[in-house]
Participant: 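The structure follows.
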Amino acid sequence: MPDAVHLGSGKVRELYALDAGRLLLVASDRISTFDVVLPTEIPDKGRVLTGLSAFWFARTRPITPNHLLALRSDARSTECRRLTMLPIECVVRGYLAGSGWKDYQKTGEVCGHRLPPGLRESDRLPAPIFTPATKATSGHDENITREHAVRLVGAERFAEAERLSTALYRFAAEHASARGILIADTKFEFGVDGDGRLVLGDEALTPDSSRFWPADEYTPGGPQPSFDKQFVRDFCEKTGWNKTAPGPALPPDVVAGTRARYVEAFERLTGVPFTRYLADPQVVLG
Ligand code: Q0Z
């Protein structure tokens, strides 16, 4: 990557500085499951996630400004405005899954939201809830109370982040459910620009930052299959892998099936044939 300084690596992404004000986010084809990056890549996964994120950034500009400056012709990298990121993850939940379900079973609450009694795993919530989490440098993000989040970002920023996150989730969940995909929950990251304005950053509303469930298989009362990673999870369970690194290599049929699910999510949500996106990435910005 000439003329770019490598700033850091995520599990499946790379971050570079282009100049003082601009970053380059590159999505790889790496896939993680049970928090471990697998040795086998899923071809075009990075392009699917980049195209989806760009699609949502373009469509949600009426709700909130975002960091996207340009989508590159490689279809898997984006130029972004450099922000000062808030030290919280802005999670919105529309359904009861993962740590939300765990916390509810223990306390009847999730991040200070008291929920009705008798909810089952994966039930839809009466209304989406904002459940902030800390950014763990090592290990897993931890749900925090509203009070804790207010101490980290201030009351005004907290209120704005909650309002914008909830509005983004409602918009995306309605769009997706009409196309056969339930967005059970999602994580946003906001930053502040040079003028002190809150700006949506990172990636948004992808299967890596959200739980996507196939709507036609939705059966509350237990865990739901993952729209994108279920073949990978089923394969990993069947190998008897102990879920510590290194993970198992994936066989060709699992790779092909998983790639097809990513492409299917892209096409259902954007309405754009994936081959058309590869030929001209700008189509998702339309
Ligand atoms: C995103 C991350 C990745 C490793 C920092 N617009 C922005 N301004 C300032 N910082 C960030 C952004 Cl998006 C920022 N991350 C997450 C992404 C590799 C870490 F590709 N960290």
Side-chain angles (χ1 to χ4, degrees), residues 1-33 35-38 41-42 44-61 63-72 74-92 132-142 149 152-154 157 160-161 164-165 168 172 185-210 228 245 262 281 284-285:
M1 188 61 58
D3 299 336
V5 174
H6 189 232
L7 292 183
S9 300
K11 280 206 288 275
V12 303
R13 298 180 300 159
E14 303 296 332
L15 187 63
Y16 299 85
L18 292 171
D19 57 42
R22 290 183 310 143
L23 301 178
L24 186 72
L25 262 170
V26 183
S28 76
D29 291 341
R30 299 193 292 273
I31 186 169
S32 72
T33 189
D35 280 327
V36 173
V37 177
L38 300 180
E41 296 193 333
I42 306 299
D44 291 322
K45 171 175 177 279
R47 291 187 175 87
V48 164
L49 268 64
T50 297
L52 261 183
S53 203
F55 168 82
W56 291 118
F57 281 138
R59 277 178 183 59
T60 60
R61 276 198 204 277
I63 300 173
T64 178
N66 62 64
H67 73 164
L68 180 66
L69 293 171
L71 172 58
R72 289 201 163 177
D74 62 9
R76 68 171 180 124
S77 57
T78 52
E79 299 171 12
C80 307
R81 278 199 282 159
R82 195 169 193 162
L83 308 168
T84 303
M85 303 306 290
L86 298 188
I88 58 169
E89 315 257 25
C90 293
V91 177
V92 183
T134 53
K135 296 185 188 185
T137 36
S138 64
H140 245 174
D141 298 341
E142 214 176 298
L152 289 172
V153 304
R157 288 279 184 231
E160 196 182 5
L164 293 176
S165 297
L168 287 165
D185 48 46
T186 194
K187 178 195 81 180
F188 299 110
E189 299 208 22
F190 288 91
V192 178
D193 71 10
D195 298 325
R197 275 186 271 268
L198 205 56
V199 176
L200 178 62
D202 206 67
E203 63 177 327
L205 298 158
T206 69
D208 276 9
S209 65
S210 320
D228 48 306
Y262 279 107
V284 294
L285 302 177

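Read the numbers this way: they start at 1 and go in the same order the structure lists the ligands and their atoms.
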Participant: Between Phe188 and Thr64, is any pair of side-chain heavy atoms under 4.5 Å apart?
Facilitator: no
Participant: Under a 4.5 Å cut-off applied to non-hydrogen side-chain atoms, are Trp56 and Glu203 in contact?
Facilitator: no
Participant: Is a salt bridge present between Arg197 and Asp195, judged by a nitrogen-to-oxygen distance below 4.0 Å?
Facilitator: yes
Participant: Do Arg76 and Asp29 meet the salt-bridge criterion of a basic N to acidic O distance under 4.0 Å?
Facilitator: no
Participant: Decide, yes or no, whether a salt bridge links Arg82 with Asp19 under the criterion of side-chain N to carboxylate O below 4.0 Å.
Facilitator: no
Participant: Heavy-atom contacts with ligand 1 below 4.0 Å: which residues, ordered by chain and residue number?
Facilitator: Gly8, Ser9, Gly10, Arg13, Glu14, Leu15, Leu23, Leu25, His67, Arg81, Arg82, Leu83, Met85, Asp202
Participant: Kindly indicate, with the supporting measurements, whether the criterion side-chain contact (heavy atoms from CB on, under 4.5 Å) is fulfilled by Leu152 and Lys135.
Facilitator: CA-CA 11 Å; Leu152 289 172; Lys135 296 185 188 185; over 6 Å; no
